[in-house]
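Counting starts at 1 for both ligands and their atoms, following the listed order. Numbers for residues simply follow the sequence, beginning at 1.
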Amino acid sequence: MKNKSLISINDYTKEEILRVLDLAGDFEKNPSQILLADKVIATLFFEPSTRTRLSFESAVNRLGGKIIGFSDTASSSSTKGETLKDTIKTVSNYSDLIIMRHPIEGSARYASEVASVPVVNAGDGANQHPTQTLLDLYSIQKTQGSLENLNLFIVGDLKYGRTVHSLLMAMALFRATYYFISPPELKIPQEYKLFLDQHGLKYYELSDFKESISEADILYVTRIQKERFSDPIEYEKTKNAYVLRNKMLQNTRSNLRILHPLPRVSEIDTDVDDNEKAYYFTQALNGVYTRQAILSLILGLKN
Ligand code: CP
């Protein structure tokens, strides 16, 4: 993993993923370890973020490193017409590692090809969000005791949800059974179904989860991704397609945990928050430990 960019979850083997999760567990027990004292980490966010940027920045601070970067395209020279290539080449000279979020699919891979330091993809359009997936896997392993052979229910925007695409691919390594619940307009794209077919994995596409929720180990709820719609009327049609309410969690498995990459809009009612099966805020906390592990491994400070 040393000096290797992390662009897609497929860049890591199962063994590498398990190493990240193991190390994240160590950081959870001992979060303040001065490993990055002479390191500068750049965070280039061309799209808004709360959790990804701030948990990375918290991780760097807890490891004793320094942060540079921008959280808004408007404050960067890309508004003057600078190309992504020139921005990345410049920031490579200022930092030891670049964390980038960008609205264009494939932009992170491109950045890794022109950078002279490792690049970590913090989300590229509707494509991939691999560090979110690593924290999701950490959360699943922690709450279920294992990642193997789970019933994974994924609800919401399966077309544009990049966290869904990364998670689906990672959970294939652990022989998950998938239940996809979405409005017809936001179904899981064909390429991901093909991927699951090629891996011989079972999946079901449902229009609702009320009947089958009693089978779920993990209920992964996602927001309808408003920013990806070209037609606002289409967004209005689907935005309230699913709302999880506390009363719907009767007759669910005792091990069920509800995950959400956040931000939440209306898809999980706040009356779920106090249910012991609601795990999404702890999941976001797990992002700090997981990102500490990712940074330490890429920078060769742990192996
Ligand atoms: N889960 C996630 O990517 O959240 P942010 O958009 O707040 O970073």
Side-chain angles (χ1 to χ4, degrees), residues 6-9 20-21 24 41-61 67 69-76 97-105 107-108 111 119-140 142-143 152 154-171 186 218-229 235 239 244 257-268 272-273 278-295:
L6 173 57
I7 305 303
S8 159
I9 195 65
V20 173
L21 306 192
I41 308 298
T43 52
L44 311 186
F45 278 69
F46 295 88
E47 267 194 341
S49 168
T50 296
R51 274 144 294 272
T52 309
R53 187 173 66 82
L54 295 181
S55 64
F56 260 122
E57 295 191 0
S58 176
V60 171
N61 279 298
I67 285 275
F70 52 82
S71 56
D72 181 0
T73 317
S75 64
S76 82
L97 183 146
I98 295 173
I99 298 159
M100 186 180 88
R101 171 171 289 186
H102 198 284
I104 298 176
E105 294 179 27
S107 55
V119 174
V120 174
N121 181 8
D124 62 325
N127 185 30
Q128 283 269 316
H129 195 347
T131 68
Q132 176 71 42
T133 294
L134 289 163
L135 80 88
D136 292 342
L137 294 178
Y138 182 74
S139 301
I140 294 171
K142 209 170 150 197
T143 59
L152 175 62
I154 310 182
V155 183
D157 186 345
L158 311 188
K159 180 178 178 185
Y160 296 121
R162 56 194 173 199
T163 67
V164 171
H165 304 154
S166 302
L167 181 63
L168 171 159
M169 291 179 139
M171 286 299 284
L186 299 174
I218 293 291
L219 184 61
Y220 193 90
V221 184
T222 64
R223 170 179 71 91
I224 307 297
Q225 306 275 303
K226 182 179 183 183
E227 64 276 27
R228 309 274 174 238
F229 284 74
Y235 172 70
K239 71 176 184 184
L244 180 69
R257 289 297 175 274
I258 300 145
L259 270 60
H260 189 313
L262 303 177
R264 153 177 66 180
V265 184
S266 58
E267 59 280 356
I268 300 180
V272 177
D273 294 358
Y279 194 73
Y280 28 92
F281 290 113
T282 308
Q283 178 189 0
L285 168 63
N286 291 339
V288 177
Y289 314 129
T290 310
R291 289 173 170 129
Q292 284 182 295
I294 294 165
L295 293 171

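Not one N or O of P48 is nearer than 3.5 Å to an N or O of ligand 1, by distance alone.
Here the shortest heavy-atom distance to atom 8 (O) of ligand 1, taken over S49, P261, A284, belongs to S49.
Taking every heavy atom of L262 and a limit of under 4.0 angstrom, the matching atoms of ligand 1 come to 1 (N), 2 (C), 4 (O). The Q132 neighbourhood of ligand 1 comprises atoms 1 (N), 2 (C), with distances under 4.0 Å to a heavy atom of that residue. Below 4.0 Å from some heavy atom of T50 lie the following atoms of ligand 1, by number and element: 5 (P), 7 (O), 8 (O).
Cation-pi geometry between R291 and F56 is met: the NZ or CZ atom falls under 6.0 Å from the ring centre, inside 45° of the normal.
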Next item on the list: Please assess R223 against D157 for the test side chain to side chain contact (heavy atoms under 4.5 Å, CB included), listing each intermediate value before the final yes or no.
Entry: CA-CA 6 Å; R223 170 179 71 91; D157 186 345; over 6 Å; no

Note to self: S166 vs Q132, test: side chain to side chain contact (heavy atoms under 4.5 Å, CB included). Steps then yes/no.
What the structure shows: CA-CA 8 Å; S166 302; Q132 176 71 42; over 6 Å; no

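Contact between E47 and ligand 1 is absent, with no heavy atom of the residue lying under 4.0 Å from the ligand.
Applying the side-chain contact (heavy atoms from CB on, under 4.5 Å) rule to S266 yields the partners N240; only residues at least two apart in sequence or on another chain are considered.
At a heavy-atom distance under 4.0 Å, no atom of T163 approaches ligand 1.
Distance alone, capped at 3.5 Å, places no donor-acceptor pair between the R101 side chain and the L44 backbone.
A perpendicular orientation is assigned to the rings of F70 and F46, their planes being inclined by more than 60° (bins at 30° and 60°).
For atom 6 (O) of ligand 1, the closest non-hydrogen atom on the protein side is R101 NH1, 2.9 Å.
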